[in-house]
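What follows is one structure encoded as structure tokens, with my remarks underneath.
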Amino acid sequence: MIYDAEFECISRGELEILQLKRLREVANRLYENVPFSKKKFDDAGIKPDDIKNIGDLKNLPFTYKEDLRDNYPFGLFTVPMDDIVRIHASSGTTGKPTVVGYTQNDIYTWSGLMARTLASAGVTKSDIIHNAYGYGLFTGGLGFHYGAETLGASVIPISGGNTKRQIMIMQDFGPTVLTCTPSYALHLSEVAEDLGADFKKMKLKVGVFGAEPWSNKMREEIENKLNLDAIDLYGLSEIIGPGVSSECIEAKDGLHIFEDHFIPEIIDPDTEEVLPYGEKGELVFTTITKQALPLIRYRTKDISVLNPEPCKCGRTHVRMERVSGRTDDMLIIRGVNVFPSQIESVLLNIEKVEPHYQLIVEREGALDILKVNVEVNESVFSDEIKGLQKLEKDIELEIKDLLGVNVTIKLVEPKTIQRSEGKAVRVIDNRKI
Ligand code: DLL
């Protein structure tokens with residue numbers, strides 16, 4: 001079903017006119033309300049009124065995650081705090097999160113886009129949605145929740161965790177739609193198996209999965225194990241949260257980007273040059289309807305390809321291929337974004353450990369496990385085993401407190417972590433997805 005045919009099936013010509021009008025409004029809004037953005041425009045020698053056609057977008061300055069960090073927490077908001085009704089956040093490259101804000105109107109926009117996303121997965125108001133994305137600062141839980149209500153579906157706000165109880169609720173309440181990360185979907189299937197619960201006897205027909213990379217192979221596995229159609233959706237907090245792009249159930253072949261709200265570009269991350277459709281590069285988005293925190297040419301660091309071919313579902317918006325990787329070293333562990341540099345900064349604050357460490361990511365069953373091997377100095381290593389175990393637990397707690405992620409710390413002998421002559425290999429990712 002197409003939720004918003006007027007905009008989702010708009011002709012390319014009309015779309016460009018709409019995008020240009022909205023882009024000019026956003027550029028003016030930033031220029032007039034955010035000193036940081038005005039300076040960026042001035043430094044680039046450009047004024048919002050210089051935007052005469054949509055091709056002029058490429059002359060505007062980029063926005064980076066660091067810009068949000070440098071203006072932490074609310075410095076890039078274009079409206080006074082009185083007009084902000086919601087705040088979310090995701091991990092940044094340092095200990096500080098990236099903070100995003102929404103006006104009431106932004107919440108309407110976002111809810112509409114999430115209703116669109118659900119509709120493109122074939123969900124209707126008759127469905128019951130088991131929403132196992134985390135509720136809280138993460139945009140997943142509340143993003144889906146509001147979208148489900150806007151569509152008129154019934155939503156079970158189960159959030160993440162307590163998996164056995166989730167299986168019971170799925171059996172008893174009969175949800176027809178499952179929303180969670182793809183790895184959690186697989187975990188649910190394992191726990192169900194242990195409990196002797198059978199997905200073939202449940203009513204689930206579709207799952208809307210995203211927030212972390214996954215592959216078509218993993219899609220097949222999920223579809224077989226959970227007995228449903230699995231749909232990919234993509235988004236990031238800075239741009240709005242989930243609801244930036246979504247697959248359609250008709251084709252399941254690329255994610256339609258909601259171009260009446262976000263203008264995508266693919267660039268070469270090194271030269272920063274815009275690449276033509278069909279070439280692989282870094283995704284860059286410009287938000288053209290958001291009020292509180294509009295961003296121009298935001299560098300996502302996600303790697304994808306844009307496909308302008310018409311789709312059999314009738315939507316005219318370009319499709320992006322599944323995100324195939326990132327240009328930086330960000331890891332996503334059970335939906336939580338983790339940068340090796342964050343782990344490093346915790347370790348470096350602990351006296352007894354050396355600055356030599358390695359992160360090992362594994363998938364045990366369906367769950368991501370992050371192990372950290374850390375060298376300690378000779379005197380610590382010759383301590384009693386009890387002391388070493390306590391230190392391991394202390395570091396684990398510290399990381400959990402600061403970054404919200406569970407890790408397993410293993411203290412290792414001095415000089416056992418391989419030294420490298422070039423870039424240190426800090427991360428070994430053994431997950432096969
Ligand atoms: O993960 C928003 C979201 C919530 C998307 C629920 C989908 C479902 P952040 O926490 O800011 O926001 O993380 C954004 O996650 O830059 C990608 O690297 C990655 N990501 C999100 N969706 C996908 C996907 C949410 N479908 C970062 N495939 C992004 C691959 C994804 N990676």
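This chain uses plain numbering: 1 for the first residue, then up along the sequence. Counting convention: from 1, in listed order, for ligands and their atoms alike. Just so it is clear, the values below take in all heavy atoms, side chains as well, and ignore hydrogens, waters and symmetry mates.
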Full working for salt bridge (Lys or Arg N to Asp or Glu O under 4.0 Å) between Lys371 and Glu362
CA-CA 8 Å; Lys371 298 181 178 162; Glu362 261 148 25; 3.0 Å; yes

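- Using a 4.5 Å heavy-atom threshold, the side chains of Arg431 and Asp368 count as touching.
- Contact check for Ile87 versus Phe74: side-chain heavy atoms found under the 4.5 Å cut-off.
- Residue Val323 approaches ligand 1 through these ligand atoms, each under 4.0 Å from one of its heavy atoms: 30 (C).
- Looking at Thr181 against ligand 1, nothing comes within 4.0 Å, counting heavy atoms.
- For ligand 1 and Gly210, the ligand atoms under 4.0 Å from any heavy atom of the residue are 7 (C), 8 (C), 26 (N).
- Considering backbone and side-chain atoms together, Trp214 places no N or O closer than 3.5 Å to any N or O of ligand 1.
- Annotation for ligand 1: atoms under 4.0 Å from non-hydrogen atoms of Thr139 are 2 (C).
- The side chain to side chain contact (heavy atoms under 4.5 Å, CB included) test with Phe62 is passed by exactly one of Ile267, Thr286, Leu295, Ile296: Ile267.
- Under a 4.0 Å criterion applied to the non-hydrogen atoms of Ser90, ligand 1 contributes the atoms 10 (O), 11 (O).
- For atom 13 (O) of ligand 1, the nearest non-hydrogen atom from the set Leu236, Asn337, Leu142 comes from Asn337.
- Cation-pi contact between Arg86 and Tyr146: present, with separation from the ring centre below 6.0 Å and deviation from the ring axis of at most 45°.
- Contact annotation for Asp232 and ligand 1: only side-chain heavy atoms (C-beta onward) come within less than 4.0 Å of the ligand.
- Under 4.0 angstrom from ligand 1, the non-hydrogen atoms of Ser237 come from both its backbone and its side chain.
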Test ring-ring contact (aromatic ring centres under 6.0 Å, His included) on Tyr102 and His88 and set out the steps.
CA-CA 9 Å; Tyr102 302 76; His88 282 286; 5.7 Å; yes

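- Checked against a 3.5 angstrom limit, the closest N/O atoms of Leu233 and ligand 1 fall inside it.
- By the 4.0 Å heavy-atom criterion, Phe209 is excluded from the residues contacting ligand 1.
- Taking the centre and axis of the six-membered ring of Tyr3, the NZ or CZ atom of Arg116 falls outside the cone set by 45° and 6.0 Å.
- By heavy-atom distance, the residue among Val244, Thr117, Asp302, Val208 lying nearest atom 29 (C) of ligand 1 is Asp302.
- Inter-residue side-chain proximity for Ile222 and Leu186 is flagged as met; some heavy-atom pair is nearer than 4.5 Å.
- Using cut-offs of 30° and 60° for the angle between ring planes, the Phe285 and Phe262 rings count as perpendicular.
- Considering backbone and side-chain atoms alike, Ala211 places an N or O below 3.5 Å from some N or O of ligand 1.
- With a 4.0 Å heavy-atom cut-off, ligand 1 is reached by the side chain of Arg326 but not by its N, CA, C or O.
- Short contacts between ligand 1 and Gly140, defined as distances under 4.0 Å to a heavy atom of the residue, involve ligand atoms 4 (C), 6 (C).
- At a threshold of 4.0 Å, the pair Lys65-Asp328 does not count as salt-bridged, since none of the basic side-chain nitrogens sits closer than that to a carboxylate oxygen.
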